[in-house]
Amino acid sequence: MLDIRGLFTREAIIARLLALPPILTPAMDSVFTDRPNHPLPLVGKDFILSVANALPLVRRGAASVAAGPPAGTVDFYEPLPVRPNVSVTGAELNNLQLLDGRGMEAWAIEKTDFLRRRVRATTEALCALATSGKITYPVQLEGGAFEDWFIDFGNILSVTPSKLWSAADASMKDVMRLLVNMRKKIQMAGFASGALEIWAGEDAFNTLFGLAEALKSTAQIRVEITGEGIQVGTFTVKLRSEQWVNPQTKAMTPYVPAKNVRMIAKDAGHRLPYCALDDLDAKLLAMPIFIKPIVTKDPSGYKLVAESKPFPVVNVNGICEATVLS
């Protein structure tokens with residue numbers, strides 16, 4: 001039987017991942033741009049709290065100031081792996097023997113791309129969930145049963161608008177007041193000094209769109225509808241109507257509830273570490289995805305098993321949400 005294991009070495013996989021075109025994933029691309037390879041299979045809570053904040057000065061010759069969380073017991077999160085597979089039949093292997101080295105590499109790229117897209121879609125769903133402060137995601141057990149994997153980062157900040165955007169007399173002034181108050185809430189927690197991501201659920205965005213279209217004012221505040229979103233002063237509110245699909249129930253859940261607005265401070269230390277893989281062939285190292293061919297006897301062929309252990313972590317003090325519609 002044709003041996004394809006040489007096509008899926010760690011080095012070959014990394015080279016293919018670098019050469020393949022990027023996959024657009026809004027939550028990952030906008031919030032989780034920091035994606036370190038984490039050398040451990042567990043993630044400590046201090047990893048989330050390690051974001052840099054301003055510190056007080058000290059007198060000359062005085063003792064230093066602690067720059068991190070207090071020393072003591074560290075709680076750990078246990079990330080679970082994403083592990084899809086695809087079968088390579090004996091018939092497909094026979095066909096591969098007709099190809100030269102370039103053809104074999106093209107085939108390996110196709111399989112790598114197929115598996116990385118499945119891993120990426122799962123990672124994106126976890127990232128979208130994480131921005132709510134909690135992750136509840138199905139885990140498939142041996143035999144096909146499911147149980148829930150639950151991660152709680154804490155409660156994100158919240159603001160109650162002084163006037164709902166759905167009120168008959170709502171105006172862009174009320175929108176601006178809410179956005180300023182949301183930013184202020186995050187700033188009081190020590191963040192929002194840099195870029196902000198502001199996501200609006202579908203109904204909230206449509207209501208804001210109507211308010212922006214109907215605006216007739218000479219006030220010195222810029223309100224502009226652009227391809228990126230709705231510009232309200234220095235804020236850009238983006239439509240986030242994407243939904244992730246629950247692999248167990250097939251139910252679709254929006255990234256942001258339809259009536260809500262979510263503000264995310266990008267300087268709050270949100271991260272997407274790829275944790276160490278539980279695989280000897282991957283040398284127990286961390287990488288975004290590893291693919292391993294496993295020989296199967298019935299039917300004869302290979303099973304290409306991909307593995308990734310992404311774990312999006314958020315700082316809940318850098319996220320604020322408001323319900324803007326009745």
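Along the sequence shown, residues are numbered consecutively beginning with 1. In what follows, every heavy atom counts, from backbone to side chain, and hydrogens, waters and symmetry copies are set aside.
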Should [X] and [Y] be counted in the same cluster of Ile, Leu, Val, Met, Phe, Trp and Tyr side chains packed under 4.5 Å apart?
X    : Y    : result
L272 : I23  : no
I225 : V237 : yes
V180 : V159 : yes
L115 : L17  : yes
F209 : L325 : yes

A side-chain contact here means heavy atoms from C-beta on lying under 4.5 Å apart; do [X] and [Y] qualify?
X    : Y    : value
T131 : E197 : no
F76  : L40  : no
F235 : R183 : yes
C275 : V43  : yes
L126 : F32  : no
V88  : W107 : yes

About how many Å separate [atom2] of [Y] and [atom1] of [X], when rounded to the nearest 0.5 Å?
X    : Y    : atom1 : atom2 : result
F8   : K111 : CZ    : NZ    : 8.5 Å
L164 : T323 : CG    : OG1   : 8.5 Å
I13  : L7   : CD1   : CG    : 10.0 Å
D174 : M172 : CG    : CE    : 9.5 Å
M263 : I186 : CE    : CD1   : 6.0 Å
I289 : T112 : CD1   : OG1   : 7.5 Å

Please enumerate all residues that pass side chain to side chain contact (heavy atoms under 4.5 Å, CB included) together with [X], with sequence neighbours excluded.
X    : answer
K292 : D279, D281, F290, I294
T236 : E228, Q231, K238
T33  : none
N317 : L157, A189, F191, N315

Backbone N/O of [Y] and side chain of [X]: donor-acceptor pair under 3.5 Å:
X    : Y    : result
S300 : G90  : no
R35  : M28  : yes
S87  : T89  : no
D113 : E110 : no
K185 : E321 : no

Verdict with supporting geometry, F205 and V256, side-chain contact (heavy atoms from CB on, under 4.5 Å): CA-CA 11 Å; F205 187 87; V256 181; over 6 Å; no
CA sep, side-chain torsions, deciding dist, call: W165, V261, side-chain contact (heavy atoms from CB on, under 4.5 Å): CA-CA 11 Å; W165 295 0; V261 172; 3.7 Å; yes
Distance-minimising heavy-atom pair for N246 and P138: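 Between these two residues, the closest heavy atoms are OD1-CG, 3.5 Å.
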Test side-chain hydrogen bond (donor to acceptor under 3.5 Å, both in side chains) applied to N94 and Q97, step by step: CA-CA 5 Å; N94 260 335; Q97 293 187 99; 3.0 Å; yes
Salt-bridge present ([X], [Y]; N to O < 4.0 Å):
X    : Y    : result
D203 : K259 : no
D100 : R102 : no
E105 : R16  : yes

side-chain contact (heavy atoms from CB on, under 4.5 Å) between L179 and I198, worked out: CA-CA 9 Å; L179 296 177; I198 307 174; 4.3 Å; yes
Counterpart residues, ring pair (Phe, Tyr, Trp, His ring centres under 6.0 Å), relative to W244 (two or more places apart): Y137
Inter- and intrachain pairs under salt bridge (charged side-chain N to carboxylate O under 4.0 Å, His left out), touching residues 119-132, at least two apart: D29-R120
Residues which pass salt bridge (charged side-chain N to carboxylate O under 4.0 Å, His left out) with E307, listed by chain and number, not counting sequence neighbours: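 Result, salt bridge (charged side-chain N to carboxylate O under 4.0 Å, His left out) vs E307: R83.
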Those residues that, when tested against D169, pass salt bridge (charged side-chain N to carboxylate O under 4.0 Å, His left out) (two or more places apart):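 K163.
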May I ask you to check whether over 12 heavy atoms, not counting those of [X], lie within 6.0 Å of atom [atom1]?
X   : atom1 : value
L24 : CG    : no
E92 : CD    : yes
R5  : CZ    : no

Test log, rule side-chain contact (heavy atoms from CB on, under 4.5 Å), inputs L285 and Y274: CA-CA 10 Å; L285 297 175; Y274 289 102; over 6 Å; no
Hydrophobic cluster mates of [X], side-chain heavy atoms under 4.5 angstrom, ILVMFWY only, any path?
X    : value
I109 : L20
L98  : none
L280 : L284

Compile the donor-acceptor pairs under 3.5 Å between side chains in residues 140-151 and protein atoms, sequence neighbours left out, one pair per line.
none

Cation-aromatic face contact R118/F114, 6.0 Å, 45 degrees: yes
